[in-house]
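First up is the structure itself, then whatever we jot down about it.
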Amino acid sequence: MKTLYLIAAVLGAVVPYVFFVDFLTGADTSLGAFASQLFATAPAGGFASDLFITSAVFWVWSYGEARRVGMRRWWAYVLVNLAVGLSCAFPLFLYVRAGREGTST
């Protein structure tokens, strides 16, 4: 499982940036334009809302889990979540946690 977590973290970093690069090469790359495009349609707003809520739950859960297994620098996963995305931060957290637990699950 540990290898799967690492592959998922890499894919979770690369795939979203394909879309972000498309946005960044557009005409208006302001934060306002980004925010308005997140909620431009009902499906996009649903996905964005789901991601924000899930990210908040991940922060709370990962804090407790990091303390439970003795992982240091928990805040680094929050930064990865904010800078790259949950699709990278969550599997990265699981990858590191699997190493801390001394298991391959």
Side-chain angles (χ1 to χ4, degrees):
M1 289 299 292
K2 192 172 174 186
T3 302
L4 178 63
Y5 295 148
L6 183 59
I7 292 168
V10 170
L11 286 173
V14 172
V15 172
Y17 270 92
V18 170
F19 295 95
F20 292 141
V21 166
D22 186 47
F23 170 77
L24 293 172
T25 59
D28 186 0
T29 60
S30 68
L31 186 57
F34 184 79
S36 70
Q37 288 184 33
L38 277 176
F39 296 95
T41 66
F47 275 109
S49 298
D50 180 70
L51 181 61
F52 294 146
I53 293 166
T54 306
S55 289
V57 170
F58 169 69
W59 297 355
V60 172
W61 172 80
S62 64
Y63 177 75
E65 187 67 5
R67 288 182 53 123
R68 184 183 74 79
V69 299
M71 291 171 63
R72 297 166 71 166
R73 296 181 204 73
W74 161 85
W75 51 266
Y77 303 99
V78 173
L79 292 179
V80 171
N81 185 189
L82 294 170
V84 180
L86 184 61
S87 61
C88 178
F90 184 48
L92 181 63
F93 180 89
L94 293 175
Y95 174 78
V96 173
R97 183 187 72 166
R100 292 286 302 163
E101 291 181 331
T103 66
S104 60
T105 58

Going from [atom1] on [X] to [atom2] on [Y], what distance comes out if it is rounded to the nearest 0.5 angstrom?
X	Y	atom1	atom2	value
Leu6	Leu94	CG	CG	12.0 Å
Asn81	Thr54	CG	OG1	10.0 Å
Asp22	Phe19	CG	CZ	8.5 Å
Tyr95	Leu4	OH	CG	12.5 Å
Glu65	Phe93	CD	CZ	5.5 Å

- Just wondering, more than 12 heavy atoms not from Phe47 lying within 6.0 Å of its CZ? no
- Message: Are more than 12 heavy atoms, taken from residues, nucleotides or ligands other than Phe58, located less than 6.0 Å from that residue's CZ atom?
- Response: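 For Phe58, atom CZ is crowded (more than 12 foreign heavy atoms under 6.0 Å).
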hydrophobic_cluster_shared for [Y] and [X], side chain cutoff 4.5 Å:
X	Y	answer
Val69	Val80	yes
Tyr5	Val10	no
Leu82	Val96	yes
Val14	Ile7	no
Val78	Val57	no

- Item | Sidechain-backbone polar pair: Ser49 side chain, Gly46 backbone, donor-acceptor under 3.5 Å | no
- side-chain contact (heavy atoms from CB on, under 4.5 Å) between Trp59 and Trp74, worked out: CA-CA 9 Å; Trp59 297 355; Trp74 161 85; 4.3 Å; yes
- Under the side-chain hydrogen bond (donor to acceptor under 3.5 Å, both in side chains) test, residues paired with Thr25 that sit two or more places apart: none
Exercise answer: donor-acceptor pairs, residues 83-90 side-chain atoms, under 3.5 Å, sequence neighbours excluded:
{"unit_1": "Ser87", "atom_1": "OG", "unit_2": "Gly12", "atom_2": "O", "d": "2.8"}

- Task: Sequence neighbours left out, what passes side-chain contact (heavy atoms from CB on, under 4.5 Å) with Phe20? Give chain and number order.
- Result: Pro16, Tyr17, Phe34
